[in-house]
Amino acid sequence: MGNNSNVLRPRFRPVSALPGDLEAARDILEQASAETSSPEDLGRLVPLIRDQDRADILAGVGAAEVLAEVIKEEEKGKIFMALMLAAGGSFPERKVCALEALIELAQHASHRGSVAGSGILGVVCALALCDKDKPNTRALAFKCIEVLCLNPFPAGDDLRREEEYTKLREQMRKVNVHGALTSCLSLTDHPHVFSAAARALAALASCADMHDAIADAAPVPFLVRVIREAGGRGQGAATGYASGVEEDEEGEGG
């Protein structure tokens, strides 16, 4: 889903005056646009965006577009990002904070479209595919995939919108995000990464257009176990998965 997606983008609503913390937030966005904001500044946006009313106002002054540009600046999309990460590079902390804020914005159904259409999918997929960056960064990419792959509105409510989300999932499928999620579930030693990957795979598995691709990536019993564990948190999910594997192995041995 590229930058030309008009279906998903909201109309820009300039706001001339903002109260208190939102005035400071707008200043942070202006600094981000000028590439002078710090990771700490961008991190201050996250708790504000969790509130629906504040998210509405910040979205109106261009939060999705500005934060997306922070993530995309100084790179040329998923190919550049994938090469950098494969070479042992690390996703800058400033971009991590911007991505976290965008994910919070996308949690609100009314603003998910603006995030999905902001052009960050290539970078997010590159982060999901590469296992050389920090575990927290990869878990954040998985969370972004979990949120952005799903249309938050009822099926049939808007066919054009549903088509856009289908195209977005198709892009994920083409770069084998589902395969990366499956591999991560088998290999990661980090409970929070496992939990994020499980939830993302469960979200994708809930979409009919992803069933065949996911079935090709992993055996059905494995997927069933993962989807059951997707509702777990942290160590509980990882422990439950490991216990299930041990029980299967004992049963086969007996």
What's the separation between atom [atom1] in [X] and atom [atom2] in [Y], rounded to the nearest 0.5 Å?
X: Leu181; Y: Glu146; atom1: CG; atom2: CD; value: 10.5 Å
X: Glu163; Y: Asn151; atom1: CD; atom2: CG; value: 11.5 Å
X: Glu93; Y: Thr137; atom1: CD; atom2: OG1; value: 7.0 Å
X: Leu140; Y: Ile103; atom1: CG; atom2: CD1; value: 4.0 Å
X: His111; Y: Ile49; atom1: NE2; atom2: CD1; value: 9.5 Å
X: Ile71; Y: Leu121; atom1: CD1; atom2: CG; value: 11.5 Å

Checking the side chain of [X] only, and the main-chain atoms of [Y] only, is there a donor and an acceptor separated by less than 3.5 Å?
X: Thr166; Y: Glu162; value: yes
X: His108; Y: Asp56; value: no
X: Lys72; Y: Gly122; value: no
X: Ser118; Y: Val115; value: yes
X: Ser206; Y: Ala203; value: yes

Give me the atom names and distance for the closest heavy-atom approach of [X] to [Y].
X: Val147; Y: Gln107; value: CG2-NE2, 3.8 Å
X: Cys149; Y: Leu168; value: CA-CD2, 4.2 Å
X: Ala180; Y: Leu129; value: CB-CD2, 3.7 Å
X: Ala106; Y: Leu148; value: CB-CD2, 4.0 Å
X: Ile145; Y: Ala200; value: CG2-CB, 4.4 Å
X: Cys125; Y: Val177; value: SG-CG2, 3.7 Å

task = Name all residues meeting the side-chain contact (heavy atoms from CB on, under 4.5 Å) criterion together with Cys184; count only those two or more places apart in sequence or in a different chain, and write none if there are none.
result = Arg138, Phe142, Thr188, Val193, Ala197

key: Residues in side-chain hydrogen bond (donor to acceptor under 3.5 Å, both in side chains) contact with Asn176, at least two apart in sequence or another chain   = His178

query = For the side-chain contact (heavy atoms from CB on, under 4.5 Å) test, which of Arg173, Arg169, Glu170 pairs with Asp209?
reply = Arg169

query = Per the side-chain contact (heavy atoms from CB on, under 4.5 Å) rule, which among Leu45, Val46, Leu42 passes with Glu100?
reply = Val46

State, yes or no, whether a side-chain contact exists between [X] and [Y] at a heavy-atom distance under 4.5 Å.
X: Leu102; Y: Cys144; result: no
X: Pro152; Y: Tyr165; result: yes
X: Leu127; Y: Leu99; result: yes
X: Ser37; Y: Arg94; result: yes

request  = For the pair Glu164 and Arg161, find out whether any cationic side-chain nitrogen is under 4.0 Å from an anionic carboxylate oxygen.
outcome  = no

request  = Would you check if there is a donor-acceptor pair between the side chains of Gln31 and Asp27 at a distance under 3.5 Å?
outcome  = no

Polar side chain donor-acceptor pair, His190 to Asn136, under 3.5 angstrom = no

request  = Answer with yes or no whether the hydrophobic clustering places Phe153 together with Leu150; edges join I, L, V, M, F, W, Y residues whose side-chain heavy atoms lie under 4.5 Å apart.
outcome  = no

message = Surrounding CG of Asp157 (heavy atoms of other residues, nucleotides or ligands, distance under 6.0 Å), is the total greater than 12?
response = yes

